[in-house]
Each structure stands twice: as structure tokens, then as C-alpha cells.
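Chain naming here is simple, since letters A, B, ... match the order of the sequence lines and numbering starts at 1 in each. Below, each value reflects all heavy atoms present in this structure, side chains not excepted, and no hydrogens, waters or symmetry copies. The shown structure was predicted, so the numbers you read here are calculated from the model rather than taken from an experiment.
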Amino acid sequence: MEDSREMSRRSFLAITGWVGFSVASAIALYQSLKFIYPNATYEDPPAFKADAPTVYAVGSTTVLIDKRVVINHDPNGFYAISLICTHLGCTPRYFDDVTSDLVNAGTSISKDPDTGQQATKANAALPGFKCPCHGSRYFRDAINFFGPAPRPMDRVHLEVAPDGKLLIDRSVIVDRAFRLKV
Amino acid sequence: MTVIRAALDEMFAVIGQMVGSVFRHGLPLTDKIAARTALTNFFLHIHPVRVRRSWIRMSYTLCLGGLSFFLFIVLTVTGLFLMFYYVPSTSHAYQDMRDLQFVVTFGGVIRNMHRWAAHAMVITVWLHMARVFLTGSYKKPREFNWGVGTLLLLITLLLSFTGYLLPWDQLSIWAVTVGTNMAKYAPIAGPYTRYLLIGGRVVGDNALLRFYVLHVVGLPLAAFLLMVVHFWRVRKDGFSGGL
Amino acid sequence: MATEARDRIAARDRVEQRRRPAEVPSTVRDDSEDEMVVSFPEFVFKEFIAAVAMTAFLILVSVWLQAPLLGQANPGMTPNPSKAPWYFLGLQELLSRFPPLMAGVAFPTFVIVLMILVPFLDRNPSRRPSERKVAIILFALYTAIVVALVIIGTFFRGHEFVWDWGWVLGNPQTCGGSPC
Ligand code: HEM
Ligand code: FES
């Protein structure tokens, strides 16, 4: 009788000990992960200023390669694209024609859902972006239409700063319908 | 005269003792001496003292495991050399690589050796695995060592991947951008994993430093430990021997 | 304490005894008659020769063949095409065809786990190639796929990673129109 009570007290202590050890280890592991998870980074700040809106002609596409941002000026306003391929993060490049080789090869290309434009045999060449890494392609308005990219490139916020220049904030992702009217 | 003789004798005796303390058994002229040498030497102890001729036929192991290990040593030595000139920061790294190539005596050769040995190691480790598979050497009792081997293959690839970022050229940054973005797609932990791995949102200074630390300390240490276990198991489980 | 350990060893030996006859790998060639040699210096010398040959080979290659170094890293300009080192090109090929969760995460994990499990999945006790046709064919298939993907990635993927029969002979890598 006394023996069995002795055993259970012992195993209770053992279990408590091991549980304590496991919990402490888990906390230590978590703290180690927290340690190597940077709280502050000294990267290029996400917000920056471009030129005044008047510099960008209506219908123009301007690639700010250092910032990996594209500014499109359409008749209904400005919008900015974060030039980061949504597949695995390479920087796509702008071309005046990203569709005619596909059209000529017989690949059917979907219609741009926003502009309604479509590359056809009659009008094969549409401008846009091609990604060098795995060949994703985007229309000029950043909508993906070919390759492994899963979604359109992000649109980011832009506004006119008090000094009259365009202020672009790459950390603020906006809706596809967003337009800045100046 | 006799004083000088005695002094000389004493000196030779000391030198003899010094040499004997290192090389205890003389040249391995007979099997017996050779066996005793192997038994008492730490580095030779990695092998069994006696083996069957059929186990060590070159046509069986093709020396692939041994060559993988040797390439690891070559990589350690050449890597050490490179570290004397290399600073892992985005403002220095690329210039340091150019210096190694154009300014440092034999710097280019050392860099090339490090690079090509890394490629060669991927090949030899892979072929070693193929040899082990094709001879069925992973079967009981060597299942565990096959598992250790798989981890070694993985670490070999990770070493190559982390090393690839260090020259900070156009190849580096894009291979790592793509590679770490892959982690982003992992369920739930994905984005955090990437942030943790490169220490930020873009591949920059933090990423370079992290990869450097992993490349020169973390992964080699892990690889070395696993190799020690791997070799220990090869000895304990015995060579699988010829078919 | 001591008796306990001895009991445990005895019990284990009994189990081993019972198991052994079934397990003797009768299919492996009996090598107990083979000549015994000392591993040092016989074997060590072979390894020494292999190591020296490898070193000589590496030095020769390194004198003649320059490791690549493109322009300094530039986050805004991705080289075209942008290729991983050859041993990752199979993965890159998969990434260009399948969704990343599948090609980049699920698939490699699956291969690694499968590899570790190989000794437990292969229930065939024989080590003779003639008796392991299925395993060898599967492995050959796996190897063929890996090698094919690497070759495709290296030689047949050109600008924007699209298929290009003439890639090796053809256009060099560019960074925004100019050489990298
Ligand atoms: C860093 C990489 C590796 C090193 C340095 C290494 C080294 C070695 C060495 C020196 C041997 C002795 C026999 C021989 O030379 O063939 C050996 C045997 C073995 N290796 Fe590895 N190895 C590595 C990777 C692997 C991999 C990737 C696998 C498989 C997944 C593996 C599985 C085995 C097994 C099962 C044996 C026992 C084979 C036998 O007894 O015939 N190793 N390894
Ligand atoms: S990163 Fe752009 S297609 Fe893969």
C-alpha cells in the first residue's frame, strides 16, 4: 500500500517535471524565433515622391525602375503598380507588344477584364509586362493573362503631396478601381 | 668530448621520443604494424581495421561517399580563404568578389575552386545516393543511415543555395528572391518564414548577413555533425559489401 | 539494477534468436570466404589517390574555367532569362508549370519524405539487381525525369523562360537590353 502511494507520488513528480521542462523548452524555442525575427528593418522606405502629375502625359506608362513602381496615366486618372511579379517576385519588364507572338502561335488570350481589350489576329499587339523568371505576362494595367502568376500585380496608393508632386506609398495596396484624378 | 657525446645522445633520445609520441608504430611494413597503427590513430579509426577486399572494390562504392567528404573538406579550406577578404554587406560583397578575382594573388583560382567543388559535391552526393539505391544498401540494418544521408543531401543543396547569394551579383539576388518567395506560399507560416529567412521584405543587407551566417557556420556545422553520425553508422552497420 | 539490465539483454537476445533465421539475407552473396585486408594502408591509399586526383582535377578546372560573376545585384532589373543554378532548374521548370504551393512547397516536401521512407516502403529483402526490377525501374524513371528537367532548363529555356530550341547557341542573357 505504502509502496504504491510512494510510486504515484514519484510518477507525479516525474510527470510534473517533464511537463515543466517541455513548456520551458517550447517557450525558449519561441523566444529564439522572436529573437531572429527583426523588429525594425532599414530598408528603402515604402513612400517616395515622383515628379509632378503634369510630367506624365495622358496614356503614358512610366517605369520607375529603382523603386519598382509603374505610373500609368489614363484618361480617367492616375494609378500606380507595384512592379513585383506575383509569382515569385522578379521584376517584369515593359514591352510595347506582349501578345502577338502568342496570338500568332495560336494561343488564345483572355480579354482584359478592366479595359475590355483583347488581342486578336487583326490587332495582335498589346503593350504590357513580361517576367524573365518563369514567363508570366501582364497587360499594361497589371492584369495577368499568361504564365504561372496567380493574380494581377498590386496597385499601390498615390496622392498629390503638398509640394505638388506625386507621393506614392508602396506599403498601401489599393483596389483595382482606384484612380487619382488631378 | 664525452660530455658533448652525452648531450647529443640525450638530444637524439628526446627527438626520438617526440617523433615516437606522434608516429607510434613506424612504417606499416607488415599487416600487424599497420593494424596497430589503424587501431590507435584517431583519424584512421574512421575505418574498420580489417575489411574484405570485395567491400572496398572501387567498382562498388566508386569512392563516391569518400569523395563527397573530401569535397566538403576542400570547400571548408577554400571557404576559409575566401573569408579573409569577404565582407557580407551589400556595399562591400560585390567589390570583394571583384578584388578576389582581379587583385588577390590566386584569388580567382580559390574562388573558382570553391564554386566548382560545390557543383562537384552536388554531383558526387547524388551519385553516391544512386549507388546506395542501386545496390540496395539502404536495406536493413542501414535504414537509419539512409535517412541521415537524405538530410546530408538536403544540407548540401542548402549550402549551395545560401552560398549563391554571397557574391551579391545579379545571379545571386534573383535566385534568392525567387527561392525565398517560394516559402511565402507555404500554408499559414509562409509569409513569416520568408520574413524570418531574409530578415525583411526584400533581399538586402539582412538577407546577405543571414545567409552568410548560415553558409559559413550553421549549415557546415550541421553537415559535419551528420557526417560524423553517418560514418559512425557505416562502421557500426558494416559496409554493405559486394553483391 | 544490474540484474534488471541483464534480464533485459537476455530478453532481447531471445527475441533476436527467434527472429534471426528468417532474416539472414540469403540473397546477398556470401562473402565470408573473401580475402581480408588491412584497411590501412591498402584502403587509405586508394582514398588518398582519389583525393589527389580530385584536387588536381579541381585546380585544373579552376584555372581554365571562370566562375560566373554578373553585374552587381540590382533589385530593379531582373536578368533575362533568370535561371537558378543547374541543380535547381528542375524545380524552376516545375514552378513555371504548376502553382507555387504545389511545385515549390508540396512537391519537394513529398520527395524528401518519400526518400527517407524508401527503406521502409521497399519490402523486398533482396539486394540483387535481378530481383529488384521494380525498384530499379522506378529509380531510373525518377532519375530520367530529374535529368530531363535539368537539361530542359539549361538548354531549352530562353528569354522570359519560354521554350527555345536554340538557346545554348542563341541569345545571351541581358539586363534590360544591355549585357549583364
Ligand atoms: C554529404 C554527403 C555524404 C557524404 C560525405 C557521405 C559519405 C559516405 C561514405 C564515406 C560512405 C562509405 C561508403 C561509400 O563511400 O560509398 C557512405 C555510405 C553510405 N551512405 Fe553516404 N554520404 C553522403 C550522403 C548520402 C546520401 C545522400 C545518402 C542517401 C540518401 C547516403 C546513404 C548512405 C548509406 C545507406 C551508406 C551505407 C552504404 C553501404 O554500406 O554500402 N549518404 N556515405
Ligand atoms: S517570378 Fe515572375 S514568372 Fe516567376
Side-chain angles (χ1 to χ4, degrees), chain A residues 41-46 48 50 62-71 80-107 109 127-138 144-151 153 168 170, chain C residues 1 4 68 70-86 88-108 149-150 152-167 170-180:
Chain A
T41 60
Y42 300 91
E43 294 166 347
D44 194 21
F48 69 95
T62 312
V63 180
L64 306 177
I65 204 65
D66 292 343
K67 300 295 184 185
R68 298 179 81 182
V69 160
V70 177
I71 298 175
I81 300 165
S82 160
L83 193 56
I84 297 174
C85 183
T86 53
H87 180 227
L88 290 171
C90 291
T91 308
R93 245 167 57 78
Y94 180 81
F95 292 88
D96 288 331
D97 169 13
V98 292
T99 47
S100 59
D101 59 330
L102 293 176
V103 171
N104 293 336
T107 316
I109 295 172
F129 302 90
K130 286 199 269 186
C131 181
C133 288
H134 315 95
S136 290
R137 299 190 191 195
Y138 303 83
N144 59 310
F145 67 89
F146 182 80
R151 58 190 166 84
M153 286 188 279
I168 298 163
R170 290 173 289 181
Chain C
M1 239 16 191
E4 224 177 80
L70 299 188
Q72 184 160 10
N74 175 358
M77 186 67 71
T78 312
N80 188 0
S82 210
K83 292 190 182 186
W86 60 268
F88 286 133
L89 276 181
L91 201 57
Q92 190 170 0
E93 182 69 26
L94 292 178
L95 279 168
S96 70
R97 288 162 183 267
F98 300 103
L101 177 59
M102 202 167 128
V105 182
F107 203 68
L149 287 180
V150 169
I152 289 173
T154 311
F155 296 118
F156 302 121
R157 289 288 179 182
H159 285 140
E160 284 93 32
F161 216 68
V162 291
W163 194 277
D164 183 346
W165 287 108
W167 174 252
N171 314 322
Q173 204 171 29
T174 60
C175 284
S178 48
C180 292

Task: Non-hydrogen atoms of A/H134 and C/S96 that approach each other most closely - done: CB-CB, 3.7 Å
- [ ] Could you grab the distance from atom CE of C/M77 to atom CZ of A/R93, nearest 0.5 Å is fine?
- [x] 6.5 Å
Task: A/L88 portion near chain C, given a 4.5 angstrom heavy-atom threshold - done: side chain
Open item on the list: Is A/F95 in contact with chain C via its backbone, its side chain, both, or neither, using a 4.5 Å heavy-atom distance?
Closed with: side chain
TODO: To the nearest 0.5 Å, tell me how far A/I65 CD1 sits from C/T78 OG1.
DONE: 8.0 Å
- [ ] Write down the atom of C/P100, the atom of A/H87, and the distance for their closest heavy-atom approach.
- [x] CG-CD2, 3.6 Å
Open item on the list: Taking side chain as everything from C-beta outward and backbone as N, CA, C, O, which of these in A/C133 sits under 4.5 Å from a heavy atom of chain C? Side chain, backbone, both or neither.
Closed with: both
- [ ] Kindly give the heavy-atom pair with the smallest separation between C/P75 and A/T91, and that separation in Å.
- [x] O-OG1, 3.0 Å
